[in-house]
Amino acid sequence: MPEGPSVRKFHHLISPFVGQQVVKTGGSSKKLQPAGLQSLWLQDTQVHGKKLFLRFDPDEEMEAPGSSPLAEPPQKEAQKEGAADPKQAGEPSGQKTPDGSSQSAELNPQGEDESECLEGDAPAGDAGRWLRVSFGLFGSVWVNEFSRAKKANKRGDWRDPSPRLVLYFGGGGFLAFYNCQMSWSSSPVVTPACDILSEKFHRGQALEALGQAQPVCYTLLDQRYFSGLGNIIKNEVLYRAGIHPLSLGSALSAPRREALVDHVVEFSTAWLQGKFQGRPQHTQVYQKEQCPAGHQVMKEAFGPPGGFQRVTWWCPQCQPQLSEEPEQRQFS
């Protein structure tokens, strides 16, 4: 599923549509009745970790916006993923966004596959004005164009992906959401202190969590402390910090835990900035056979007992596993 930087880019692509009315809907969702969104106004959009929140109201009256600020002002839009598809949702594509450009947002496919699920049909009064969007494997948001097949399926057919939801706006543009879960809520359930890309990210809380007597690769993926952090960020920051993924957090010295948190923030922020500037994110061990030092990279699935196992890449030489005894600082 997309990690924090990707979802923040989705948020950036959706933001120009705030203040516009939904004039037509489409999509393949069977659990959601897209027609229930027709005539509503998109009044706000927020992002937290790996989730998007879209606020819809029945009238045009705007309230004070509460959109989460992006970590860096956009400088250059991402490249298109593919050409527009005039056959999907029965509408022509290739229209322009409110700023005059045609855009899309990409997603690295590594992640857990989740099927679309929506609770309820349409927001009823104040009880459900916010639509929460959680992305699954290959999940993405496309603007004014549709995703196109990049390869044939197992049957040899070049079948384009089908969007779960398509929203057409009065301004002439549209949004297409792919492979995502959706549910209505009364308000965004967010905790900025645990969002790795938020200015309110609580380092102390993160450091305390990393000190637990469990493998650090488990803790890094715990969204209660590192919301927005996914498998790519996990692998890359552990390599940069020189920490074996199965090292117990309680065995790491305080300075090493501090350095690990620094890498989390720096890598995530750089990835987000790269998305705004159209630069691809280059990894050092994720899906690699050798690390930058030329050592062979190991690959194995790790996860808590009974929990989700995530494929992990690491270099045994650059990231030696520690004993369970806490590290001691050396004084001369």
Side-chain angles (χ1 to χ4, degrees), residues 1-15 17 25-32 34 37 42 44-56 67-68 70-71 78 80-82 88-89 103-119 130-143 145-150 160-167 174-185 188-191 194-198 221-224 226-234 268 271-272 274-276 281 286 308 310-311:
M1 62 182 65
E3 304 185 28
S6 295
V7 180
R8 290 225 167 197
K9 182 60 186 290
F10 298 163
H11 170 267
H12 168 68
L13 296 179
I14 295 171
S15 293
F17 291 89
T25 60
S28 64
S29 174
K30 296 181 179 179
K31 296 182 179 180
L32 165 66
L37 289 164
L42 177 61
D44 194 7
T45 175
Q46 295 189 22
V47 60
H48 175 69
K50 300 179 182 180
K51 293 180 174 59
L52 275 175
F53 296 89
L54 309 179
R55 173 165 178 157
F56 293 92
S67 299
S68 301
L70 297 173
K80 298 179 183 178
E81 282 191 308
Q88 294 199 32
Q103 305 167 345
S104 65
E106 77 287 351
L107 165 68
N108 190 297
Q110 176 66 30
E112 182 179 1
D113 190 6
E114 298 180 2
S115 59
E116 188 269 347
C117 175
L118 184 127
E119 302 171 357
W130 289 90
L131 185 65
R132 182 179 64 184
V133 184
S134 303
F135 296 93
L137 187 65
F138 299 108
S140 61
V141 175
W142 287 67
V143 180
E145 61 179 330
F146 294 99
S147 176
R148 300 297 301 271
K150 296 182 180 179
D160 293 330
S162 178
R164 306 282 188 175
L165 175 67
V166 184
L167 300 175
F174 68 88
L175 295 169
F177 297 81
Y178 290 86
N179 194 4
C180 53
Q181 294 181 332
M182 301 180 186
S183 61
W184 291 108
S185 63
V189 181
V190 299
T191 308
C194 68
D195 190 331
I196 60 175
L197 285 169
S198 171
L221 292 178
D222 191 331
Q223 300 300 295
R224 295 176 299 174
F226 296 95
S227 183
L229 194 153
N231 208 36
I232 298 176
I233 298 175
K234 178 201 75 177
S268 304
W271 189 359
L272 177 61
K275 284 184 172 294
F276 287 150
Q281 178 61 41
Y286 179 75
F308 190 65
R310 303 303 300 271
V311 179

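FYI, side chains are in, hydrogens and waters are out, and symmetry mates aren't considered; it's all heavy atoms of this structure.
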#### Entry: Side chain proximity check, Leu42 to Ile14, heavy atoms < 4.5 angstrom
yes
### Interatomic distance, Met182 atom CE to Leu165 atom CG [nearest 0.5 angstrom]
4.5 Å
### Query
If every non-hydrogen atom of Ser268 is compared with every non-hydrogen atom of Pro5, which pair is closest and at what distance?
O-CG, 3.7 Å
### Closest non-hydrogen atom pair between Pro2 and Gly136, with its separation
CD-O, 3.9 Å
### Query
Say you draw a straight line from SG of Cys180 to NZ of Lys51; how long is it, rounded to the nearest 0.5 Å?
12.5 Å
### Query
Are Val166 and Leu175 close enough that some pair of their side-chain heavy atoms sits under 4.5 Å apart?
no
### side-chain contact (heavy atoms from CB on, under 4.5 Å) against Pro188, all qualifying residues, sequence neighbours excluded
Gln46, Phe53, Trp130, Val190
### Task
Report the C-alpha separation of Ile233 and Ile196 in whole Å, then their side-chain angles, then the decisive distance to 0.1 Å, and conclude whether the side chain to side chain contact (heavy atoms under 4.5 Å, CB included) test is met.
CA-CA 11 Å; Ile233 298 175; Ile196 60 175; 4.0 Å; yes
### Message
Tell me which one of Thr45, Val47, Asp44 satisfies side chain to side chain contact (heavy atoms under 4.5 Å, CB included) with Ser15.
### Response
Thr45
### Task
First locate atom CG of Leu52, then atom CZ of Phe10, and finally report the distance between them rounded to the nearest 0.5 Å.
8.0 Å
### Query
Quick one: CG on Leu131 to OG on Ser183, what's the gap to the nearest 0.5 Å?
7.0 Å
### Message
Testing the basics here: between Glu3 and Trp271, what is the closest heavy-atom pair and its distance to 0.1 Å?
### Response
OE1-CZ3, 3.7 Å
### Query
For Lys234, which residues count as a side chain to side chain donor-acceptor pair (under 3.5 Å) partner, sequence neighbours excluded?
Asn231, Thr312
### Query
For Ser227, what residues pass the side-chain contact (heavy atoms from CB on, under 4.5 Å) criterion, not counting sequence neighbours?
His48, Cys194, Gln223
### Summary
Minimal heavy-atom distance between Gly49 and Asp195, with the atoms involved, is N-OD2, 3.0 Å
### Message
Checking ring pair (Phe, Tyr, Trp, His ring centres under 6.0 Å) between Phe146 and each of Phe174, Tyr178, Phe177, which is the one that passes?
### Response
Phe174
### Query
Within the side chain of Thr25, is there an N or O that forms a donor-acceptor pair under 3.5 Å with the backbone of Leu167?
no
